[in-house]
Structures are given as structure tokens and as C-alpha cells.
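First up is the structure itself, then whatever we jot down about it.
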Amino acid sequence: MSETALAASASLDFIREMIAADVAAGRNGGQVITRFPPEPNGYLHIGHAKSICLNFGLSQEYAPNSRCHLRFDDTNPTKEEVEYVESIMEDVKWLGFDWGNNLFYASDYFEKLYGFAVQLIEKGLAYVDDQTPEQIRETRGTLTAPGTASPFRDRSAAENKELFARMRAGEFKNGEKVLRAKIDMASPNMNLRDPVIYRIMQAHHHRTGDAWCIYPMYDYAHPLSDALEGITHSLCTLEFEHHRPLYEWLINSVDGLPGAPYQREFARLNLTYTVMSKRKLLRLVKDGLVHGWDDPRMPTISGIRRRGYTPAAIRAFCKAIGLTKYPSLTELNLLEHHVREDLNKHALRVYAVLKPIKVVLTNYPEGQVEHVEVPNNPENEADGKRQVPLSRELYIDAADFMETPVQGFHRLVPGGEVRLKYAFCIICQEVIKDAQGNIVELRCTYDDATRHGVKPVGRAKVKGTIHWVSAAQAADIEVRLYDKLFTVEQPDEQAGEDGDFTQFLNPGSLETVTAKIEPSILSAKPGSHYQFERVGYFFADPKDSQLGQPIFNRTVQLKDGFVLKK
RNA sequence: UACCCCGUGGUGUAAUGGUAACACAGGAGAUUUUGGAUCUCUUAUUCAAGGUUCGAAUCCUUGCGGGGUAGCCA
């Protein structure tokens with residue numbers, strides 16, 4: 001066991017406990033070989049990250065007697081595309097994992113898989129069925145009633161072999177024939193009622209082209225692919241629990257397999273305020289309810305990447321949620337906690353005013369510009385300092401001023417005093433409004449004696465410190481304020497069977513503003529993280545930012561100790 | 001109303017027959033040129049009933065509750 005595994009051994013989840021016992025018993029020569037096996041039919045989401053962290057994490061924990069394969073489960077050509085293969089590889093790499101040379105495709109095994117099927121036929125464990133899909137469904141029985149045997153169930157091995165060869169040769173149309181495993185039509189487990197293991201599909205495959213017109217089913221291909229690759233532990237989500245007996249049946253029924261893997265299942269990740277099923281995510285994209293798979297509001301890996309979540313934060317989150325068989329619902333704020341925790345250490349600070357109010361310092365010389373020195377990150381002195389321009393006309397955030405303050409508000413109010421961070425204290429002398437009564441300007445005076453953190457003398461203690469931006473030097477920057485995608489914790493649950501989850505979409509999930517930001521922001525590289533002080537973490541959009549004109553996505557808000565009471 | 005899996009603070013997990021604990025969330029305070037961060041304190045937990053045992057969250061039984069399963073999808 002490696003050091004990390006040893007360190008974590010204080011409390012292992014049920015899967016790791018099982019694996020530790022296998023290693024201790026010397027099973028598989030102490031090797032731990034796992035795999036992450038996505039079907040390339042869509043984009044990966046945060047739920048997949050849980051599986052990726054488990055499988056690749058295990059491989060790291062047991063190094064060097066371990067490896068984790070990336071295997072594309074591409075057994076259904078009608079749904080799969082190269083585009084997805086590429087995005088999946090990008091996402092796994094971004095999460096910080098490396099499959100090395102261990103990149104595989106189930107389609108690599110089509111020939112071997114065909115051979116195993118012939119072997120099953122010879123053993124009398126598989127047969128060609130001529131029934132229609134409807135007939136197969138009807139004779140499968142129900143949850144409470146056993147199925148009945150197909151009239152073709154007892155064909156001779158020779159006939160089955162010939163028919164199966166003719167299926168491969170393309171002599172039959174889609175749906176005319178299938179190959180079925182011969183197990184038990186009365187099993188209480190539906191998966192054992194002679195499951196279909198090969199179907200005819202006249203379809204172009206993204207890797208094998210037109211070489212095949214019969215394709216193996218997942219239930220057949222998966223255990224055998226695992227065995228062929230020497231996988232020791234095949235870990236999947238709970239909905240495959242009922243497939244395990246079939247998995248084991250195949251491992252035990254096929255001779256000549258190089259490995260003897262076993263399957264274990266764990267609960268998938270559910271997160272509040274989002275949906276995770278591929279179907280629903282597709283709906284959001286297709287109906288234009290979000291701007292694509294990588295919309296920063298999406299729970300896809302590409303979405304959260306663009307939102308500004310970091311790989312380290314995702315990994316920490318996946319570790320924190322644990323691994324059980326309980327179908328839990330994890331709070332979004334746990335994810336956000338880990339995002340803030342990581343970004344707090346690394347994001348450079350900058351002053352940004354999202355919703356500006358102009359402030360004029362009436363006793364500050366006109367035309368004068370000075371520079372104040374501010375730390376780039378108070379959490380890390382090594383990040384250095386920068387110069388921020390300061391002059392007579394400034395912007396502060398609308399949220400930092402209240403004309404008639406509520407209880408507990410200690411920012412700027414008429415006649416009140418606040419500190420401009422790293423500059424000096426100001427007092428609001430006058431509120432200027434337009435004809436409609438909107439505030440257009442605050443006229444304030446500053447106190448030169450309060451520079452460098454010196455407290456004002458002879459007046460009330462200044463409780464508030466706010467950020468600011470010098471008007472003349474401020475850059476106008478597009479900022480996208482993202483919020484929860486849905487207004488309820490479980491949109492699909494709330495919508496019910498026939499309901500439409502999109503009714504719970506948050507109309508305020510995206511607000512775009514033009515912010516006033518200190519000029520240093522213009523050099524922000526696309527794909528870099530910042531903390532807009534007192535506001536939140538923001539990410540320079542890697543797609544839409546121009547060099548010298550970044551566009552920011554709000555990753556997550558800062559925690560705010562001051563919450564307006566309704 | 002068949003079979004399988006699962007029930008521990010609000011949420012997620014730990015305790016593997018021997019003091020029910022940790023993180024997030026909530027609350028209070030200290031500190032702070034971010035109402036952030038940090039630090040301290042704090043609220044709150046074994047689905048129910050029986051049984052086994054000196055001792056049960058843990059083992060057994062029953063009940064209740066939740067999830068899953070009838071694709072030629074994965």
C-alpha cells in the first residue's frame with residue numbers, strides 16, 4: 001500500500017475496504033486495476049467526476065501496483081461520436097488524471113467478443129432468436145410474473161452458429177434476429193431472463209466504420225472487456241446492481257479469459273439546484289435554455305470549468321462526499337465551499353465595482369491622480385503588490401450605499417463615514433438625484449489624516465471598509481453574474497412524473513453587467529481566476545475574452561455575513 | 001403489490017459488539033483596512049418495535065420509509 005492509502009486507512013469507504021482486503025489477501029498479485037468506462041454519447045458532468053476520482057484515485061493510492069484505464073464503451077454506434085470521445089479525454093485530463101498508455105475502446109474487442117459468443121453457442125449457453133422486439137418483450141414476463149421460453153430457445157448449436165455467422169455477414173435486417181444468453185426465463189432478476197447479447201445494427205461506427213453490422217450489448221461487452229484488460233475491480237453506479245449476476249454469469253461461462261474481475265456498485269452523486277441526467281441536460285441545450293454544454297450554469301465538467309471551478313476543488317469535493325450505497329442528495333454549498341477554499345488561496349485580488357455609483361471627493365484636488373499600493377493577495381505575500389490609481393472621481397458599488405439604512409448596515413450612509421480600502425475615510429455630505437429620483441452622484445469629503453489605516457479622531461468608529469475604483473482610469477468590463485440554475489433543490493423531483501422541470505428554471509441565473517474595474521484587469525489572461533474583493537470569485541472566460549479586453553464569469557460569491565432581513 | 005439495495009444531527013459522512021464523532025450549513029464571540037479569511041465557542045443525530053448480549057448505530061426478527069429493476073440504451 002502506498003503512503004496515501006496508508007494515511008487514509010483510518011477510515012476507508014466500503015469499496016476501499018474491500019480492495020484493501022483483496023490486496024492484503026494477495027488476490028491478483030496485489031494489483032489494483034480499475035477503469036473509467038464512459039460511453040462517448042455526451043458530455044461528462046460532475047457526477048462522472050465522482051467516478052473518475054474514485055477509479056483514478058485508487059490507482060494513485062495503490063501505485064505502482066496499479067493502473068486505471070480509460071475505456072470508451074462504444075457498443076452502440078447510433079449514439080456515439082468522436083466529438084464526445086475528445087471532450088471526455090479533455091475533461092479527464094483537466095481533472096488532473098492521466099491514463100498513460102491505457103486508452104481502450106470496447107470496439108477494439110469486437111472480434112474477440114464475437115469469438116466468445118460463438119463459444120457460448122457451442123456450449124449451449126446462447127441462441128439466435130427470431131422473435132420480434134415486441135414478442136421478446138411480451139414473453140419476458142413482468143416484475144411479478146415469470147417469462148416464457150422462446151420457440152427458438154432450443155435450436156441446435158450448429159444451427160445457432162450458422163445463423164449467428166449469417167447475422168454477422170449482413171444477411172438479416174435490423175431487428176430480425178438477436179443472440180440471447182440462455183439463462184433462466186423465470187428468474188426474479190429480469191436481467192437473467194435470457195438477455196439479448198447481440199443485436200443487428202446496420203450503422204456506421206465511429207471507429208470500426210462499416211466492418212460490423214452486429215453489435216454486442218453493454219451487459220455482454222462490459223464484463224468481458226474488463227476481463228480482457230485485466231481489470232480487477234469494476235466499479236459502477238447503483239443502477240447496475242441487478243446486472244451483477246449477469247456480469248458474473250459471463251465471467252464464469254466464458255473460458256479463456258485472462259482476468260477475473262468483479263463488480264461493485266456505489267451511489268451516484270445528486271446535487272441540489274441542478275439536474276444531472278443526460279436527457280435533461282440535453283433538453284436544456286436543445287431548447288436553448290442555456291448557451292450550450294459548456295454554459296457556466298451547467299453541471300457538466302466543461303460548464304463548471306468555464307464557470308471557474310478548479311480541478312483541485314472538484315477533487316476535494318469528491319473526497320468530501322464519501323462513497324456509500326445510500327442515494328444521497330448533496331448540498332450545492334458543499335461544492336461551493338471547496339471552490340472558495342481553493343480560490344481563496346490562489347486568486348489574485350482586484351477592485352471591481354459591479355453596479356457603480358459615482359462618488360466625488362469635493363475636497364480632493366481636481367486633475368490629481370495618485371497611486372496607492374495594495375497587496376495582490378493577503379493570503380500569500382509572495383503574490384506581491386500593485387499600484388491602484390486614485391483621484392477625485394470614483395465609483396463605489398450600489399450595494400455599499402443606503403440612503404435610509406436598515407439596522408446593522410455599516411457601509412456608506414448620508415452623513416456617515418466609511419473607509420475606502422487602503423486609501424482613507426470619506427464622509428457622505430450630499431446625495432445628488434436626477435428628476436426621477438435616482439441617485440446619480442454622492443458628494444463626499446475625505447480625511448487625509450486617516451491614510452494608512454489611521455483611525456479618524458474625534459468621531460464615531462468607522463465600521464465599514466469598502467472597495468472603490470477611480471473613475472477616469474476604470475476599465476469597462478463585461479461581467480456575467482451566474483446564479484443557481486434552478487430555484488428549487490430538486491427540480492426533477494418537484495416536477496414529478498409528468499411535470500416539466502424547466503418550470504423551476506431560475507430566471508435570474510444569468511445577469512450581465514458592465515462593471516468598472518481597476519485598469520490592471522485589462523492584462524488578465526483568459527482562463528485566470530480573480531477575487532473581486534468583497535464580491536466574489538471571477539474567471540476570465542477562456543472563450544469570449546479578447547487579449548486586453550477580458551470578460552468575466554462569476555464563479556461563486558463570497559460568503560456574506562451581512563444578509564438583508566426581509 | 002415480485003425481487004434487490006439502502007435508512008446515523010438540517011445536509012453529507014465516521015464509529016467494523018465497548019465514551020455516537022467529523023465536515024458543510026445554522027447560531028454566538030474574538031480578530032481583521034474584504035461583513036472574506038482565520039480562531040474560539042455553540043445548536044442539533046442512530047426510522048420503529050421486539051430479541052440476542054454484561055454491553056447494540058453495529059447482530060437477528062418484524063414493521064415502516066426511501067431508491068432501483070420489465071431497451072434489440074449504457
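Throughout, protein chains are lettered first and strands after them, A, B, ... in sequence-line order, and every chain is numbered starting at 1. Remember, it's a predicted structure, so these values are computed and weren't measured experimentally.
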Would you check, one step at a time, whether the test side chain to side chain donor-acceptor pair (under 3.5 Å) holds for A:Asn377 with A:Glu379? CA-CA 5 Å; A:Asn377 183 359; A:Glu379 298 291 315; over 6 Å; no
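- On the C1' atoms, B:rU69 is 26 Å away from B:rU61, given to the nearest whole Å.
- Within the 4.0 angstrom heavy-atom criterion, base atoms lie near A:His242.
- The distance from atom CD of A:Gln135 to atom P of B:rG71 is 15 Å, rounded to the nearest whole Å.
- For the residue pair A:Asn189/A:Ser187, the side-chain donor-acceptor check at 3.5 Å is not satisfied.
- Looking at RNA chain B, the stems built from 3 or more consecutive Watson-Crick or G-U wobble pairs, each pair with its key distances under 3.5 Å, are B:2-7 with B:64-69, B:10-13 with B:21-24, B:26-30 with B:38-42, B:47-51 with B:59-63.
- Just one residue in the list A:Asp130, A:Ile136, A:Ile197 forms a side chain to side chain contact (heavy atoms under 4.5 Å, CB included) with A:Val178, and that residue is A:Ile136.
- Applying the 90° cutoff around 0 to the glycosidic angle, B:rG65 is assigned anti.
- Toward the 5′ end of RNA chain B lies the nearest nucleotide of A:Glu239, the other residue of the pair A:Pro216 and A:Glu239 mapping further downstream.
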What string of B, S and - do you get for nucleotides 32-45 of chain B, 5' to 3', if B is base contact, S is sugar-phosphate-only contact and - is no contact with any protein heavy atom under 4.0 Å? -BBBBS--------
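- For A:Met190 and A:His337, each mapped to the nucleotide of RNA chain B holding its nearest heavy atom, the one lying further toward the 5' end belongs to A:His337.
- Straight-line distance between the C1' atoms of B:rA57 and B:rG17: roughly 11 Å, to the nearest whole Å.
- Two rings, from A:Phe164 and A:Tyr198, have their centers less than 6.0 Å apart.
- In the model, A:Glu265 has a side-chain atom that pairs as donor or acceptor with a side-chain atom of A:Gln263 under 3.5 Å.
- The distance between atom CE of A:Met201 and atom P of B:rC72, rounded to the nearest whole Å, is 11 Å.
- Here the C1' atom of nucleotide B:rG67 and the CZ atom of A:Phe266 are 16 Å apart, to the nearest Å.
- Within 4.0 Å of A:Phe240, counting heavy atoms only, lies at least one base atom of the nucleic acid.
- When the C1' atom of B:rA74 is taken as reference, atom CG of A:Leu282 falls 15 Å away, rounded to whole Å.
- Between A:Phe486 and A:Tyr273, a ring centre-to-centre spacing not shorter than 6.0 Å is recorded.
- Going from the P atom of B:rU46 to that of B:rC24 covers 22 Å, rounded to whole Å.
- At a threshold of 4.0 angstrom between heavy atoms, the contacts of A:Thr75 are confined to the sugar-phosphate backbone, with no base atom among them.
- Across all strands, A:His467 comes closer than 4.0 Å to no nucleic acid atom at all (heavy-atom distances).
- Taking atom P in both B:rU13 and B:rU32, the straight-line distance is 39 Å, to the nearest Å.
- Between A:Tyr537 and A:Phe532, the ring centre distance reaches or exceeds 6.0 Å.
- Within the structure, side-chain hydrogen bond (donor to acceptor under 3.5 Å, both in side chains) pairs that include any residue of residues 333-342 of chain A comprise A:Thr310-A:Asp342, A:Asp342-A:His346 (at least two apart or interchain).
- With rounding to whole Å, A:Ile136 atom CD1 is found 6 Å from B:rC72 atom P.
- For B:rA74, the OP1/OP2 oxygens have a side-chain nitrogen or oxygen of A:Arg199 closer than 4.0 Å.
- Going from atom CZ of A:Arg264 over to atom C1' of B:rC5 covers 13 Å, rounded to whole Å.
- No side-chain donor-acceptor contact under 3.5 Å links A:Tyr530 and A:Asn376.
- The ring pair (Phe, Tyr, Trp, His ring centres under 6.0 Å) search around A:His206 returns none, not counting sequence neighbours.
- For B:rC59 and B:rG71, the P atoms lie 35 Å apart once the distance is rounded to whole Å.
- Following rounding to the nearest Å, A:His243 (NE2) and B:rG68 (P) show an atom-to-atom distance of 13 Å.
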Produce a footprint string for nucleotides 8-15 of chain B: one letter per nucleotide, 5' end first; B if the base is under 4.0 Å from any protein heavy atom, S if only the sugar-phosphate is, - if neither. --BSSSS-
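- Of the C1' atoms belonging to B:rG9 and B:rC5, the separation is 24 Å, rounded to the nearest Å.
- For A:Tyr326 and A:Phe266, the ring centers sit 6.0 Å or farther from each other.
- Within 4.0 Å of A:Gln131, counting heavy atoms only, lies at least one base atom of the nucleic acid.
- A close approach under 4.0 Å does occur between a side-chain nitrogen or oxygen of A:Arg140 and OP1 or OP2 of B:rG71.
- The distance between the ring centers of A:His243 and A:Tyr247 does not fall below 6.0 angstrom.
- In this structure, A:Tyr395 has its ring center no closer than 6.0 Å to that of A:Trp468.
- On the C1' atoms, B:rU8 is 10 Å away from B:rA15, given to the nearest whole Å.
- Considering only residues two or more places apart in sequence or on other chains, A:Tyr43 meets the side-chain hydrogen bond (donor to acceptor under 3.5 Å, both in side chains) condition with A:Glu83.
- The separation between A:Ile197 atom CD1 and B:rA74 atom P is 13 Å, rounded to whole Å.
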